[in-house]
Student: 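Got a structure for you, written out below as structure tokens; questions coming shortly.
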Amino acid sequence: MDIDASEGSSVAAWQCVDVIDNAHKRTVRSVAFEPTQGRTLATASFDGTTAIWEKGDETYECVATLEGHDNEAKCVAWAASGQLLATCGRDKSVWIWESNGEGDFDCVSVLMEHTQDVKMVLWHPKQELLVSFSYDDTIRVWREDDDDWVSAATITGHKSTVWGGAFSPQGDYLASVSDDRTVRVWTQHTAGNAAAAGSDDGFYYRPDTTYKCVAVVPDSVHTRAIYSVSWASSPPTSGDAGGSSTALADLGYLATGCGDNSLRVFGVARQAEESTSGDLDVVLVCTQENAHGLSDINCVQWNPVYPGWLATSGDDGIIRIWHLDAMT
Amino acid sequence: MSFSGGLRLTDLNDYITPGQECIKPVEVKKTGSASGSQIKVDHTGDYYEVTKDGEETKLEAARITLNDCLACSGCVTSAETVLITMQSHHELLAVLEENRRLRGLGENDKAKHVVVTVAPQSRASLAVKHNISPLSVAKRMTAVLKEMGVDHVFDSAFTRDLTLVESAREFVERFRGSKGQMGDGLSLPVLSSWCPGWVCYAEKTHAEVLPWMSTTKSSQQTMGVVIKDYLAKKLGVLPSQIYHVAVMMCYDKKLEASRDDFYSDIYKTRDVDCVVTTGEFDRMLSEAGISLTSVPELRLDSLFKADTNRDCLYSSAGTSAGGGLEYVMSYAARVLFGIDISPEQIATCGRAESTHPLIDVKAVRNQSDHREISLLDPTTRKPCLQFAAVYGFRHLQNLVRKLKSGRAVYHYIEVAACPSACSNGGGQIQPEDPSPAAKKQWVADTERTYVTSGEYELPENNPALSELIYDWFGAEGLDSQMAKQALHTQFRGIVAKANSLGVSW
């Protein structure tokens, strides 16, 4: 199986359609499109603000600026409904904002339970459940309770900064990546009901919920900190190569971007029928070394629509589009 | 150690770039000698400045005291919050111990006069924990503190009455001054400023709202002036000979007591020397093996003839935020519009326990911590006074956004940094069950206990208050220059210092 960078191919010719100059006073660290309409863009910056842009006829206009973080904002994410926005930052806080219907946002909650810089926030693909990843080595799950947001769980296990994560396409598993060079996969676990783990319970909150680790990619595989992970489902397959990979990856593929300059793809599969632990197998299917030359890969994202397409960004200032043959 | 949300977010910052935030060492006076002097260090580690002609001047070590740190607001790292424990019940015990020692040696003059002021919200918290009434708590606290050597035990609800009247007068003056219009450059809206968590957060992050802050002092600091000015004169002692402790519901109050504005350079003394939280007070008793429920009750203390035989607590209608909104609205309704409505009627409407044809209450987005309370004109039924109560950091955020964009159409806003206001202060006693449901119930119980603590009495009907005002300020009373000086304060925005060392990514 191979990944190739489809340079020069007419299939993958990408053009820059717009540039928003001087959007922020400092680094723009994170951007996110609103998921339902795609006409609104949120940008989080080291200047502490999160700007909301609406696509007009010609270009994007700033319709709101969300202030509140005391220092660098690190990530912004939209909930699937498009009504809620989450931001996080070096001030150790996670903020939840709600659209007020007039293009602006009201602050709904300021969550201050992480003890260090919060690197990333991520919403569940289906539920209003938020996950945050931090320099304090923990992952926190947040949910709405009454009229406020509270901590639903703290997931520990990583031995160093958790840089980010990704939900499985169905939302029943969460993969996280860390400075400790491991990838861990988590799922909800109701005490006394191990068989239910990973099944229709998924990642949904219940009062007696804890989260357990169902797979670890050991720290021998990645040789530096892992900064980003993305999870795609297995595409509907046909053909020999497709057939064998389905068995290997019935839960999809994880792509990781690492400080060792390599892009890796793993197949995720449920273990054989006899196993009732709910554990998963995460198997390396291919590696692209020096995907960005001698530069760290700081972000990876599967194309949400076209199977087998992957985008990576690196410290070399380049964005590369990749195609994984085995996935189409 | 739990400061309010705004303070935790903006002040407790472990990431201090070297040599940046702390400006105190820079403030050491230079000897002003011409260039060319050298620094010499002798064998004892003292520093000397040696001028060209060999003259040596010993250099003062740059000293940074705890209060320098607390009052500067440039940074308060979480390491330094450990130092704030110096301002705890241990300090009070140390002063009482020192008094005992001095009196034992016959040096009564050197012993300090010790006064403790207790907040009604603290009493409510203790009442819930020990399952007794707030009045019983007050009487037992009086007994136990006096037994420990404290000279007077007072109630901050008393000076709160004074601040309510003064806030209401300030509001009416500002309303008239801007003819009821609010906005940039105008004297409305009035933002309450008794909450130190709100004040410190606003000074640090939103200095643009400072012109709208009420200048009336909080009940804690007003009691500070009563003790250090009025009481000192009455006792014939220097203000520095009185040691004033306040038992309060949060740690932010410790920062408030440390502000430079509340320090007298002349007498080298603070209006409030030490703030002890409700939890610290409770710990002090349990460390001494004292159970509040087994202490006998003692008659409540008072400075004034008018209420020496009082056997009830002062209470103001309103939430544990102190009743500012209700009283100011009632006063302004009467003085500005000739409408007669009591603070109690406004409070019960605010709690959705009753309705009144002239009061309109709206919980913004169904949040009880963000309420809009309007007074309607009897003929037009249109709002003539639009007030709001905003409690908790997240609602505070939305308030500030509205204020900055000119969308806050309120005349007066009661602001508290903590959700559910002071019943839920960071220094209150915590329930044994740490679950969110138990905590919620505990706070609700504390709030209910607070609200039903005593008889609602209007400040104007408090005879002890009149006695204080005229005895202290003279015939002119609250209109006197002295009153304006004593009862008002000011605010300063913190300008972020340019970060010359740090790299701007």
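Naming convention: chains lettered A, B, ... in sequence-line order (proteins, then strands); numbering from 1 in each chain.
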Student: Quick one: does any side-chain atom of Ser109(A) pair with a main-chain N or O of Leu111(A) as donor and acceptor, under 3.5 Å?
Tutor: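 No.
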Student: Between Glu72(A) and chain B, which part of the residue has a heavy atom less than 4.5 Å away: side chain, backbone, both or neither?
Tutor: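 Neither part.
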Student: Please state whether the side chain, the backbone, both or neither of Trp149(A) comes within less than 4.5 Å of a heavy atom of chain B.
Tutor: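 Neither part.
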Student: Of the listed residues (Asp91(A), Asp106(A), Asp145(A)), which shares the most heavy-atom pairs with chain B below a 4.5 Å separation?
Tutor: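 Heavy-atom pair counts peak at Asp106(A).
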Student: Tell me whether Trp212(B) contacts the main-chain N or O of Met182(B) through its side chain, where contact means a donor paired with an acceptor under 3.5 Å.
Tutor: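 Checking the backbone N and O of Met182(B) against the side chain of Trp212(B), no donor-acceptor pair under 3.5 Å is found.
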Student: Measure distances from Ile96(A) to the heavy atoms of chain B and classify the residue's part below 4.5 Å as side chain, backbone, both or neither.
Tutor: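 Answer is neither: Ile96(A) stays 4.5 Å or more from chain B.
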Student: Any salt bridge linking Glu61(A) with Lys55(A)? Criterion: basic side-chain nitrogen under 4.0 Å from a carboxylate oxygen.
Tutor: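 No, no charged N to carboxylate O under 4.0 Å.
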Student: Would you please indicate yes or no on a ring centroid separation below 6.0 angstrom for Trp163(A) and Tyr227(A)?
Tutor: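 Aromatic pair counts; centres sit under 6.0 Å.
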Student: Quick check, are the ring centers of His370(B) and Tyr391(B) under 6.0 angstrom apart?
Tutor: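 Ring centroids of His370(B) and Tyr391(B) are no less than 6.0 Å from each other.
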Student: Is it the side chain or the backbone of Asp148(A) that comes within 4.5 Å of chain B heavy atoms, both, or neither?
Tutor: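 It is both, since atoms from each part get that close.
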Student: Taking side chain as everything from C-beta outward and backbone as N, CA, C, O, which of these in Lys440(B) sits under 4.5 Å from a heavy atom of chain A? Side chain, backbone, both or neither.
Tutor: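 Looking at Lys440(B), just its side chain touches chain A.
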